[in-house]
**Student:** 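Below are the structure tokens for one structure; questions will follow.
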Number of protein chains: 2
Amino acid sequence: MSEYEHTCMIRGDGGKTLRAILDQICNKWTLLVVATLDEKRVRFTDLRQQIPGISQRMLTLTLRNLERDGLVSRTVHAEVPPRVEYKLTPTGRSLLPPALALAGWAMEHVPHIEASRVAYGKRT
Amino acid sequence: MSEYEHTCMIRGDGGKTLRAILDQICNKWTLLVVATLDEKRVRFTDLRQQIPGISQRMLTLTLRNLERDGLVSRTVHAEVPPRVEYKLTPTGRSLLPPALALAGWAMEHVPHIEASRVAYGKRT
DNA sequence: CCGTATCCATACCGATACTG
DNA sequence: CAGTATCGGTATGGATACGG
């Protein structure tokens, strides 16, 4: 698919539904959770430790939304202590390449952006 | 670069700076503005009309942030009525492929996600 | 261990009115 | 035309405490 067609798509439906989905994906933690899950099955606590700064509340909420959207599956093991594991669904894994591409872009351009912000701050 | 390395990168610096940049890019309007600008030079009002639902205020704020980050250039023409045109910088254009990839992913999966939400809502 | 519930501060963002 | 300023509702998200 060409970039032109993509550009049309992004405005295709008046932007209503699409923006709702994008908002859901591009929030504070979702991309990070998806990237951290990657191909693995991960326990709640491990996930929490691998994502510095996320609160228990936000991790729960983010996982619930991803589960609701069919991007993450949740497995509860009947043990004590309880063990809950999360894993990307096939749809969730299909988000991985674009998500990592965006994250990669951000990483590559952090220095440039920070420099630009400093320069912008110094303008009269 | 492999996906594995990307996955490392996204957690590379403790996530502090990276998440700040990602938050800036992945907010309510930024991706939409970048995708709409595309390769063109666009006037403020035209931009506003091409992005359904954006308020004047949010368009201004979004453009100012993009300008500050060095992703968009702003040109004021000394005319009456005033004419201000925006255009992606080379750095801004480099964001286009990942941004459109993500938007494309979202478009493709809107039906699946909506269906999943309905199903999730019906669960006991 | 894996959540949920509550409180609270802040950030976001739309509406509106006003300026060069 | 292209903004800026201000107000106020809502959403976001951290901290904490508690429950299964």
Side-chain angles (χ1 to χ4, degrees), chain A residues 14-16 19-33 36-37 40-69 72-87 120 123-124, chain B residues 14-16 18-33 36-37 40-69 72-87 117 120 123-124:
Chain A
K16 198 167 39 64
R19 204 170 53 248
I21 303 290
L22 272 180
D23 285 358
Q24 203 61 45
I25 303 302
C26 288
N27 59 26
K28 188 162 184 168
W29 299 110
T30 300
L31 277 183
L32 232 36
V33 169
T36 303
L37 277 176
K40 304 180 292 290
R41 306 175 74 246
V42 189
R43 298 186 59 164
F44 185 88
T45 304
D46 293 339
L47 213 42
R48 185 148 150 57
Q49 287 172 352
Q50 288 177 50
I51 303 176
I54 197 170
S55 64
Q56 190 174 32
R57 169 188 159 82
M58 289 319 294
L59 180 54
T60 300
L61 288 177
T62 303
L63 287 169
R64 286 293 171 280
N65 283 331
L66 285 169
E67 193 192 354
R68 185 195 54 162
D69 289 352
V72 156
S73 64
R74 178 173 181 267
T75 312
V76 182
H77 298 266
E79 304 171 357
V80 277
R83 180 162 55 102
V84 182
E85 289 179 321
Y86 294 91
K87 189 179 189 309
Y120 190 86
R123 90 206 181 290
T124 330
Chain B
K16 197 168 39 65
L18 174 59
R19 205 171 53 249
I21 303 291
L22 272 181
D23 285 359
Q24 202 63 45
I25 303 303
C26 289
N27 59 26
K28 189 162 183 168
W29 300 109
T30 300
L31 277 184
L32 231 37
V33 169
T36 303
L37 277 176
K40 305 180 291 290
R41 309 175 73 245
V42 189
R43 297 185 60 163
F44 185 88
T45 302
D46 293 338
L47 213 42
R48 185 148 151 58
Q49 287 172 351
Q50 288 177 50
I51 304 175
I54 197 170
S55 63
Q56 190 173 34
R57 168 187 160 82
M58 288 318 296
L59 181 54
T60 300
L61 288 178
T62 304
L63 286 169
R64 287 292 172 279
N65 283 332
L66 285 169
E67 194 191 355
R68 184 195 54 162
D69 290 351
V72 156
S73 63
R74 179 172 180 270
T75 311
V76 183
H77 299 265
E79 306 171 354
V80 277
R83 178 161 56 102
V84 180
E85 288 179 323
Y86 294 89
K87 189 179 190 308
R117 287 184 183 178
Y120 189 87
R123 91 207 179 290
T124 332

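Residue numbering restarts at 1 for every chain, and letters A, B, ... go by the order of the sequence lines.
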**Student:** Within the pair A:Arg43 and C:dC1, is there a side-chain N or O less than 4.0 Å away from OP1 or OP2?
**Tutor:** no

**Student:** What are the 5'-most and 3'-most nucleotides of DNA chain D lying under 4.0 Å from any heavy atom of chain B?
**Tutor:** D:dC1 to D:dT6

**Student:** Just grab all the salt bridge (Lys or Arg N to Asp or Glu O under 4.0 Å) pairs involving residues 43-53 of chain B, residues at least two apart or on different chains.
**Tutor:** none

**Student:** Could you give the distance from CG (B:Leu66) to CD1 (B:Ile25), rounded to the nearest 0.5 Å?
**Tutor:** 6.5 Å

**Student:** Go through the structure and list residues passing side chain to side chain donor-acceptor pair (under 3.5 Å) with B:Gln49, not counting sequence neighbours.
**Tutor:** none

**Student:** Taking only Lys NZ, Arg NE, NH1 and NH2, and the carboxylate oxygens of Asp or Glu, determine whether A:Asp69 and B:Arg117 approach each other closer than 4.0 Å.
**Tutor:** yes

**Student:** Would you write the dot-bracket representation of DNA chain D, where each base gets (, ), [, ], | or . depending on whether it forms a Watson-Crick or G-U pair under 3.5 Å and with which partner?
**Tutor:** ||||||||||||||||||.|

**Student:** Counting any heavy atom closer than 4.0 Å, what does B:Arg48 reach on the DNA or RNA strands: base, sugar-phosphate only, or nothing?
**Tutor:** nothing

**Student:** Could you tell me which residues satisfy side chain to side chain donor-acceptor pair (under 3.5 Å) with B:Glu85, sequence neighbours excluded, listed by chain and number?
**Tutor:** B:Arg41, B:His77, B:Arg83

**Student:** Looking at A:Leu59 and A:Phe44, what are the two nearest heavy atoms and their distance?
**Tutor:** CD2-O, 3.7 Å

**Student:** Sequence neighbours left out, what passes side-chain contact (heavy atoms from CB on, under 4.5 Å) with B:Arg64? Give chain and number order.
**Tutor:** A:Tyr120, B:Thr60, B:Glu67, B:Arg74, B:Tyr86

**Student:** Do you know which two heavy atoms are closest between B:Leu47 and B:Val42, and how far apart they sit?
**Tutor:** N-CG1, 3.7 Å

**Student:** Write down the atom of B:Val72, the atom of B:Leu37, and the distance for their closest heavy-atom approach.
**Tutor:** CG2-CD1, 3.6 Å

**Student:** Polar atoms only, N or O, under 3.5 Å: list the protein pairs with nucleotides 18-20 of chain C and their distances.
**Tutor:**
none

**Student:** Got B:Val76 and B:Pro82 here, is their nearest side-chain heavy-atom distance under 4.5 Å?
**Tutor:** no

**Student:** Only counting residues at least two apart or in another chain, list the ones meeting side chain to side chain donor-acceptor pair (under 3.5 Å) with B:Thr30.
**Tutor:** B:Asn27

**Student:** With rounding to the nearest 0.5 Å, note down the distance linking CD1 in B:Ile51 to OG1 in B:Thr36.
**Tutor:** 4.0 Å

**Student:** Go along nucleotides 10-15 of chain C 5' to 3' and tag each nucleotide: B for a protein heavy atom under 4.0 Å from its base, S when only backbone or sugar atoms are that close, - otherwise.
**Tutor:** ---BBB

**Student:** Can you name the closest pair of heavy atoms from A:Asp23 and B:Lys28 and give their distance?
**Tutor:** OD1-CA, 3.8 Å

